[in-house]
Amino acid sequence: MQNRMTVGPVIRQPAGKGARRRMLRTFKNYYESLFHASPNAYILLTPDLILVDINAAHLRLTGFERQEVLGRHLFDVFPVPGEAQLQQLRASFARVVANEVEDTIHHLHYPIVHRTGTGEVWEDRYWTVVNTPLFDEDGEVSLILNYVTDISHFFQQDGAERNRFSNLQDIRRANLALELSAMDSERKRLRALMEQAPGFVAVGRGNRHTFELANKAYYQLVGHRELLGKPVREALPELEGQGFYELLDQVYQSGKPFIGRAMPILFQQEPGSPLVERYIDFVYQPIFEQDGTVSGIFVQGHDVTEAHELSQKLSHQAAHDSLTGLFNRREFGLQVERAIKNLSGKHDGHSLMYLDLDQFKLVNDTCGHRAGDEFLRLISMVLNSKIKSTDILARLGGDEFGLLLENCPIETACHIAEELRQAIKDVEFIWQNRVFGGSVSIGLLSFSDPATSPADALSAADSACFLAKEKGRNRVQVYRQEDNELVARWREMDWVGRLRTALKEERIELYAQRIEALSSDAEKVAHHEILIRLRDDEGEMVPPMAFIPAAERYGLMPSIDRYVIEKAFAYLADENKPGGRPLLLSINLSGNTLNDEHIASFISKTAQASGVNPAQICFEITETAAVANLTHTASLIGEIKQHGFRFALDDFGSGMSSFGYLKYLPVDFLKIDGVFIKHILEDKVDAAMVEAIARVASVMGIQTVAEYVENDTVRKLLEEIGVDYGQGYGIHEPEPIRSMSRR
Ligand SMILES: Nc1nc2c(ncn2[C@@H]2O[C@H](COP(=O)(O)OP(=O)(O)OP(=O)(O)O)[C@@H](O)[C@H]2O)c(=O)[nH]1
């Protein structure tokens, strides 16, 4: 069949008024814009010449209102002027239906009543009429597209003019062919657009939501299967019980759209295969008829599974600790906050535990971080196994855990805390043939005041935990406000914020105390130990005893040490200008700084940048810090010494077997612990200890420094014993480094 043109997806043979309306609807949905926007005059007719649509160009041409012509017979709307025209038209429409090809009446003399602002006017008109059959899926002519062109002006011209258009027929034909081809490409373009659209699109018709259309993305989403012509419950049976059928019914009945965001949906993409979960953003949009009834639902949306999974992953990461999978500190704070909001007089209040493993460092230090991580995982599993699923367990950081027991009286919480302590005590962690036992200190707080802040609750429990440690570890300590020790601890914690600000505002000031040569062998340089003071926000100087313990406990010492190193090196660089006497500065490195894996490179880079000679710097580390991880300290000292820096072992003699360690620590100075010097004049044992240290050091080629030299008598005795240097208030009181004269 030539020129066969099927419009839209399917247009069936009309069987009555209702059927015609459905046909109109289908056509309207897909080609309404194209039909109405065309500059050419079109009418759409059923084969029995009932007008089912008329476009805007035709209405402009004839002056009719759309509503008054639809559903009426063609000849009722446009009365035929005579028998000849009637025959011509009838024959043309009959040919279209019988032959199923397009039919043209080239010249049809057909006067029309034209509506004008002043009334109806009969106008003599000549037309070219093209009737095109439109076919349904079964190949039957279901509609006739009637296209008219007003050619009256040609017939109203003189003869010569008319001759010029003697081949009018060909021109009309060519024009029509162009029109039809434009319409066809538009149709293809629209279909391609819908097909290729990134989102899924489908149309369900009628109250059973029968698939009338589905694009590529829709097929991809549901798995490629037969959809068209099937009601949704038959086409996608796995949606039963997921609420989507009900939503479709609701939109169909209410005429109100439904918008779904990241809704989970399960599809069985292949017969027999497991259900696949996807997340979709979608809209169910009702399709309205002209009479306001809903005839179907337009489904449009996007598969947002990847984005949804990513956002789930991110929010999980934001709330959980990656090592143990437990909640993290932030989330724990939020949970405590939520629990506080739920406090009501009816309940016993909540209980909160702060758990800190005892001597956990030992696992890290002897077997490495990986072992430490495994140990932490094991501990979190043990804790998890001992609590209810509604309890909130979190890793607060390092080896610290938090546990929130909601609506749990203190007696029960004490019992649980004791159980947890025992469960950790029973842990045996084996790593490369080494066995570590578990132990935990627990601070327990019970609170019922809705005015409690999460931060206060946590730090109160932390304070109690601190006390548990102080009292010997492996115990549960209940928080009591009247506890003086706890008050002191609160004060200490208050220092954390103050210290951070002081560091930022450079209010930590360097002081120096001279270390004087006592023996003739001692090096003749101006030797000073750098000490620190904090200038508080009111300008008062705060001694180190007030803030160093807090800085040590809260991990601020590495920052303070770095700050001191930078300032001291800068000072040395200034003092090294020509004419200056050689200076030697001693700088303290805290135990935490020894664990800072970048400290060696920081020191050498700072020295290079400031241009100081490493031989002018001696780092002091306490015996206790050094011994806590002897191998690590020994290799760190070795690494730093390679650059030319020197080392002193501070508070020497305080440990049980100090001499034993000395062999492993390549230090240049030993600073004898002040406890031996303080009473050296009265206590013979102290004097003997100092003597012994001086002798052993001398044999090992290490120089000795005595601290706490408070007067000349002590100084003389030390000289006699053979101690190389002295330091103390009897020699020099610390003073700000910048105001210090060189002696
Ligand atoms: N393996 C591992 N170690 C960590 C992690 N976070 C912190 N640490 C280490 O945990 C240790 C915490 O030590 P502390 O709590 O200060 O001391 P402790 O040895 O447990 O001793 P006490 O608490 O005083 O009984 C430090 O050595 C940290 O370096 C981690 O994620 N993995």
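In listed order, ligands and their atoms are each counted from 1.
- Comparing Leu362, Asn629, Asp373 against atom 32 (N) of ligand 1, the shortest heavy-atom distance belongs to Asp373.
- Lys361 CG, 2.7 Å is the protein heavy atom nearest to atom 27 (O) of ligand 1.
- Of the candidates Gln727, Glu529, His528, Glu735, Gln513 forms a side chain to side chain donor-acceptor pair (under 3.5 Å) with just one, namely Gln727.
- When hydrogens are left out, the protein atom nearest atom 25 (O) of ligand 1 is Arg473 NE, 2.7 Å; that is the closest non-hydrogen contact.
- Closest to atom 7 (C) of ligand 1, if we only count protein heavy atoms, is Gly398 CA, 3.3 Å.
- Residue-to-ligand polar distances place Leu357 within reach of ligand 1: an N/O pair is separated by less than 3.5 Å.
- No side-chain donor-acceptor contact under 3.5 Å links Asp650 and Thr622.
- Between Glu691 and Arg695 a salt bridge is recorded (basic side-chain N to carboxylate O distance below 4.0 Å).
- Taking 4.0 Å as the cut-off between side-chain N and carboxylate O, Asp321 and Arg395 count as a salt-bridged pair.
- For atom 3 (N) of ligand 1, the nearest non-hydrogen atom of the protein is Asn364 ND2, 2.8 Å.
- Ligand 1 has a nitrogen or oxygen under 3.5 angstrom from a nitrogen or oxygen of Phe360.
- Taking 4.5 Å as the limit, some side-chain heavy atom of Phe602 sits within range of a side-chain heavy atom of Ile565.
- Using a 4.0 Å cut-off between heavy atoms, Leu376 contacts ligand 1 through its side chain alone, with no backbone atom that close.
- Among protein heavy atoms, atom 31 (O) of ligand 1 sits closest to Arg395 NH2, 2.8 Å.
- Of the protein's non-hydrogen atoms, the one nearest atom 20 (O) of ligand 1 is Asp399 OD2, 2.6 Å.
- Of the charged side-chain nitrogens involved, at least one lies within less than 4.0 Å of a carboxylate oxygen, so that Lys671 and Glu620 count as a salt-bridged pair.
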